[in-house]
There are 2 protein chains.
Amino acid sequence: MPDPKPVHTQIPPSQQASRFARAREVQSRALLEDYVELIGDLIAAHGEARVADLAERMGVAHPTATKTVARLKREGLATARPYRGVFLTDEGARLADRVRSRHRTVVDLLIALGVPPEHAELDAEGIEHHVSRRTLQAFEDFLVRGQARSES
Amino acid sequence: MPDPKPVHTQIPPSQQASRFARAREVQSRALLEDYVELIGDLIAAHGEARVADLAERMGVAHPTATKTVARLKREGLATARPYRGVFLTDEGARLADRVRSRHRTVVDLLIALGVPPEHAELDAEGIEHHVSRRTLQAFEDFLVRGQARSES
DNA sequence: TGAAAAATATAGCCACGGCTACATCAATGG
DNA sequence: CCATTGATGTAGCCGTGGCTATATTTTTCA
Ligand SMILES: [Mn+2]
Ligand SMILES: [Mn+2]
Ligand SMILES: [Mn+2]
Ligand SMILES: [Mn+2]
C-alpha cells in the first residue's frame with residue numbers, strides 16, 4: 001500500500017479545525033459518561049454507589065473519584081451527601097441509560113465484524129464516546145440486517 | 001427496549017479497571033497522533049509544517065500548538081528549530097503513516113455502514129485512536145468482503 | 001536598508017484528572 | 001459504649017492542554 005495521500009490538507013483549515021474541536025468536546029464528556037453509567041450499574045446491582053467502589057472499578061485512587069463526583073454534581077448529573085453514597089439525577093439517569101445502550105451496540109458491532117469479545121470490550125470503552133446518533137443508527141441497522149440474514 | 005442490564009458490574013473490578021486504564025492510555029496518545037499526521041500532511045502538501053498552520057488546522061491558539069510540538073520533541077516524534085518549521089523524526093513519520101492509514105480505514109468503514117461521508121469524518125477523528133490492530137484488521141476484512149461482493 | 005508586519009517564542013493563567021498524605025467521620029465488635 | 005478500623009473528605013502536588021498578553025525574531029517591502 002504505497003503513499004497514502006494527505007487528504008487532510010485538501011479541506012479548508014476551518015473545517016478541519018471544527019472536526020478536532022468536536023473530538024475535544026466529546027473527550028471532555030467521556031469521563032462523565034463512564035461515571036454515570038457505572039454509578040447506575042452499581043445502584044442497580046448493590047442498591048448504592050460508594051466512592052470507594054467507583055474508584056476501584058475506574059482504576060483510580062479515591063480522591064480522584066471524589067473529584068469527578070464533584071464535577072458530576074456541578075454538571076447536574078449526580079447528587080451526593082457526605083459519607084453517604086452517590087446518586088444520579090433524572091438527567092444523570094437518562095444519560096446513563098443512553099450511554100449503556102450505546103456501549104452495548106458498539107460492542108455488538110465490533111463482535112459482529114469479527115473482533116473477539118474481550119477485545120471488543122476494550123476498544124469499545126474508548127470508541128463509544130465518539131459515536132454520534134447517526135453513526136449509532138448505522139450500527140444498529142447493520143446489526144438488524146445481520147440478524148435478519150441469520151434468521152433466513 | 002426495556003431495562004438494559006448492568007453488565008459492567010458482572011465482571012471483576014480489576015478487569016473493568018484495566019479497560020478504563022487502556023482508554024486513558026489511548027487518550028494520552030491521541031493528540032500526538034493527530035499532530036504527527038497533520039505535520040506529515042503539511043510537509044507533503046507545502047514542503048513544510050509551520051506552527052501557525054498547525055494551530056489553524058487544529059483550531060487552537062498558536063502557543064498551544066507550540067506546547068504540543070515541545071511534547072512531540074520530548075517524545076522523540078518531531079524536531080524543530082526556533083522560528084523554523086517542524087519536522088518528523090523517522091519514528092514520527094512511521095507513526096504518521098500508520099495513523100493516516102488507520103484514519104482512512106475507519107472513515108471507509110463508517111461510510112460502508114451507511115454513515116454520510118462528512119459525518120464519518122467527524123466521528124472518525126475521535127474513534128480512530130481507540131481502534132486496536134485487531135479491530136483495524138476486522139474493519140479491513142469487512143471492507144474487502146464488501147468490495148468482493150460488489151465486484152461479483 | 002531599515003521600519004513595519006508577521007511569525008514565533010515565552011510567561012503565566014486556568015480547568016481537568018491523575019496522585020500522596022493527612023484529617024475526619026461512621027460502623028463494628030470486644 | 002467507645003476504640004479501632006475502614007470509608008470518606010481535604011489539601012496540595014504534578015502534567016496536559018487550553019487561553020491571553022507580551023517579547024523576540026524573521027520577513028517583507030517602501
Ligand atoms: Mn467508555
Ligand atoms: Mn462504557
Ligand atoms: Mn484523530
Ligand atoms: Mn485523524
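The model shown is predicted, which means the values in this text are computed figures rather than measured ones. Chain letters run A, B, ... following the sequence lines, proteins first and then strands; every chain starts at 1.
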Pairs satisfying ring pair (Phe, Tyr, Trp, His ring centres under 6.0 Å), at least one member in residues 116-148 of chain A, at least two apart: A:H130-B:H130, A:F142-B:F142
For B:Q137, side chain to side chain donor-acceptor pair (under 3.5 Å) partners two or more places apart: B:D141
B/S/- contact track for nucleotides 3-11 of chain D, protein heavy atom under 4.0 Å: ----SBBBB
Any residue meeting salt bridge (Lys or Arg N to Asp or Glu O under 4.0 Å) with B:E140, in chain and number order, not counting sequence neighbours: none
DNA chain D contacts made by residues 69-78 of chain A, counting heavy atoms under 4.0 Å: none
Short side-chain N/O contact from B:T68 to OP1 or OP2 of D:dG17, under 4.0 Å: no
Qualifying salt bridge (Lys or Arg N to Asp or Glu O under 4.0 Å) pairs with a residue from residues 62-71 of chain A, counting only residues at least two apart or across chains: A:R71-A:E75
Spatial distance of atom OG1 (A:T68) from atom CZ (A:R74) [nearest 0.5 Å]: 10.0 Å
Sequence-distant partners of B:R24, side chain to side chain donor-acceptor pair (under 3.5 Å), two or more places apart: none
Pairing residues for B:E118 by the salt bridge (Lys or Arg N to Asp or Glu O under 4.0 Å) criterion, not counting sequence neighbours: A:R19
Residue list, salt bridge (Lys or Arg N to Asp or Glu O under 4.0 Å) with B:E56, at least two apart or on another chain: none
Between D:dG17 (P) and B:D34 (CG): distance, integer Å: 11 Å
For chain A, the stretch of DNA chain C it reaches, first to last nucleotide, under 4.0 Å of its heavy atoms: C:dC16 to C:dA27
Partner residues of B:T135 under the side chain to side chain donor-acceptor pair (under 3.5 Å) criterion, sequence neighbours left out: A:D123, B:S132
Salt bridge (Lys or Arg N to Asp or Glu O under 4.0 Å): pairs with one or both residues in residues 80-96 of chain A, sequence neighbours excluded: none
